[in-house]
Amino acid sequence: MPATPAPEVIHRPDERFDEFLLAAAATHPDHPAVVEYTDGAERVTTFRGLRETAERYAGQLDRFGLEIGERVMIVSDTSAEAVALVLACASRGLPFVPVSPETPAERRATIERLAEPALCLAADGEPETAVGHGRFGGGAIEVPRPPSRRARSRRAVTPTDTAYIIFTSGTTGRPKGVVMSHRAVVAFYRGMMAEGFVSVGDRVASTSPLQFDFSLLDIGMALGSGAAVAPVPRALLRWPTRFLKVLSVTRATHVNGVPSIWRQSLRHIPGRLADLPDLRGVLFCGEEFPLAELRHLQRLRPGIRLINCYGATESMAASFAEVPDPLPADVTHLSIGNGHRGTDILLLDAEGSPVEEEGVVGEMYLRSPALMTGYWGDADATDAALVADPLEPRSGQRLLRTGDLAFRGADGGLRFCGRRDSQVQIRGNRVEPAEVQRRLSAHSAVCEAAVVVSEGLDGEAELCAFVVLTDGAADTAESDLRAFCLRAMPAYMAPGVVRIVDSLPVNQHGKTDHRRLLAELLTDA
Ligand SMILES: Nc1ncnc2c1ncn2[C@@H]1O[C@H](COS(=O)(=O)NC(=O)C[C@H](N)c2ccccc2)[C@@H](O)[C@H]1O
């Protein structure tokens, strides 16, 4: 008797963020919604349990009499309690501002100064004595010094109201608050649901911190599909054996994360990747997946579904593209597709004209209902990012100027090829460091590469490469790697400096930390 397909999760058209994520509580109340790894075992919170805890938190929030739009800072990693609090905030129209517990005090103070939250709730630790500071847990919120009562004029939460604000470290180092409305997030979630990656009963391992919107993609992908999100404890992520144990114990069917989460497992315990019988999908985003590592993962897990997810926090994500299995040997750039269902990515040249020809680089502009409302308290930065539709400025429609460069492949799919603001002139020639990084990564002895731009002795811009060799290639010299670049690129693109290092530093979101590499160069100068 064929198994009757589980009834679909029914999503209404104009839902709030919390209503979208809890829809499965109506159709699958006893299915797992959050699967946590605790002391070597899984701890399951069902959709019914998650809804009940969220309702308890919502009742706790009502005590403070906050006005719709007032912010609640949540200092926590992803957990069942934190997801319930996030849902409670959304149900009351209180934008949540997620901050990692390991955020340096100064940065947290900056975010607090900018966001001016009415409440700052931590999952752990002693509540500070400051007004509005407190703790949450077990459905309870305790704030020793509650904020003063507000005069309230709002009557109802609307889809254009803010669901959350994510603070990213802007290129100038000053955090930029990306303001995302209920409408934008739900529009993105619908576009993602159309891809059908995850089904009822699946478990999506989430490896990003709650303050990184990749975690909100994971939560939406899982709960929106009637599946469970399985947060990987941050402290275990850096130990490959513990990381894989968490995936095994929580029976993860999908693992979402930046490419670097696989690095140590691929290097040190590749054989163990075959031991995860439930695993059938990996979604990665945030930066390019080094192709040698990607091919290694495919060899270890034939048939696994690999999804390259491209996008920026300003629209959560923009596109999903399936990686061919196996990835042909001559592929140098992964496709990022052309935008998920409901979006369209426009490619423009430096003059603002559409680029149609294959292989010609342009800048991507994103047309989407999932675009941010703007940057918190920064109208100028907002106007620079949300620009008039270049094809029809009279319409008033705004597109996100991504700052990302791409070209179209033979299949019509876009290929990411770097950032506009990382382009550099070397001896009068425009160079995209990511291209040099890709070339180095294609060397058989290289398992990771990063290229930064520093100032050479003559004051000119100079390309500096940091390379991690595969275990059996210790005798590869820097000169071999430079020669390898010169065989495929003009001399001005070959890195002036090649450093062989044991590993590349990653930032708090798991992306290669180019700033730290540059700092290392400057300190060694
Ligand atoms: N698949 C890629 N290949 C290559 N470069 C990439 C890629 N995905 C981003 N990027 C780069 O990362 C930038 C965005 O950085 S970010 O604003 O910190 N946001 C993120 O990285 C995460 C992003 N919000 C997200 C969250 C959840 C799913 C997908 C994407 C993009 O503009 C690209 O430059």
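Each ligand, and each atom within it, is numbered from 1 in the order the structure gives. Positions are given from 1, in the same order as the sequence printed here.
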Is a salt bridge present between [X] and [Y], judged by a nitrogen-to-oxygen distance below 4.0 Å?
| X | Y | answer |
| --- | --- | --- |
| Glu287 | Lys511 | no |
| Arg367 | Asp389 | yes |
| Arg190 | Glu15 | yes |
| Arg515 | Asp513 | no |

Does Glu195 have any side chain to side chain donor-acceptor pair (under 3.5 Å) partners at least two apart in sequence or in another chain, and if so, which?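 Counting only residues at least two positions away or on another chain, Glu195 forms no side chain to side chain donor-acceptor pair (under 3.5 Å).
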Under a heavy-atom criterion of less than 4.0 Å, does [X] contact ligand 1?
| X | result |
| --- | --- |
| Ile336 | no |
| His509 | no |
| Phe284 | no |
| Asp404 | yes |

List ligand 1 atoms under 4.0 Å from [X], heavy atoms only on the residue side.
| X | result |
| --- | --- |
| Ala317 | 28 (C), 29 (C), 30 (C) |
| Lys511 | 12 (O), 13 (C), 14 (C), 15 (O), 16 (S), 18 (O), 20 (C), 21 (O) |
| Cys309 | 1 (N), 2 (C), 8 (N), 28 (C), 29 (C) |

Let me have the donor-acceptor pairs involving side chains of residues 216-229, under 3.5 Å, with sequence neighbours excluded, atom names and distances please.
{"from": "Asp218", "atom 1": "OD1", "to": "Asn256", "atom 2": "ND2", "distance (Å)": "2.9"}
{"from": "Asp218", "atom 1": "OD2", "to": "Ser206", "atom 2": "OG", "distance (Å)": "2.6"}
{"from": "Ser225", "atom 1": "OG", "to": "Met221", "atom 2": "O", "distance (Å)": "2.7"}

Which of these, Leu334, Asn308, Val258, Ile307, has its nearest heavy atom closest to atom 1 (N) of ligand 1? Asn308
Nearest non-hydrogen protein atom, [atom]:
| atom | value |
| --- | --- |
| atom 28 (C) of ligand 1 | Leu217 CD1, 3.4 Å |
| atom 22 (C) of ligand 1 | Phe212 CZ, 3.5 Å |
| atom 9 (C) of ligand 1 | Gly311 O, 3.2 Å |
| atom 10 (N) of ligand 1 | Gly286 O, 3.2 Å |
| atom 4 (C) of ligand 1 | Phe416 CD2, 3.5 Å |

Geometry only, no angles: is Met316 polar-contacting ligand 1 at N/O separations under 3.5 Å? yes
For ligand 1, is any non-hydrogen atom under 4.0 Å from [X]'s backbone (N, CA, C, O), its side chain (CB onward), both, or neither?
| X | answer |
| --- | --- |
| Glu287 | backbone |
| Thr168 | neither |
| Thr313 | both |

Are His340 and Phe188 close enough that their ring centers fall under 6.0 Å?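 Here the rings of Phe188 and His340 have centres that are less than 6.0 Å from each other.
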Would you kindly say whether His333 and Glu435 are connected by a side-chain donor-acceptor distance under 3.5 Å? yes
Do the side-chain N and O atoms of Tyr310 and Asp404 include a donor-acceptor pair separated by under 3.5 angstrom?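 A pair is found: one side chain offers a donor N or O, the other an acceptor, under 3.5 Å apart.
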Write down the atom of Ala80, the atom of Leu50, and the distance for their closest heavy-atom approach. O-CD1, 3.8 Å
Go through it in stages, so that I can follow the logic: the residues are His509 and Phe212, the test is ring pair (Phe, Tyr, Trp, His ring centres under 6.0 Å), and I'd like the CA-CA distance, side-chain angles, deciding distance and then a yes or no. CA-CA 7 Å; His509 292 161; Phe212 190 34; 4.0 Å; yes
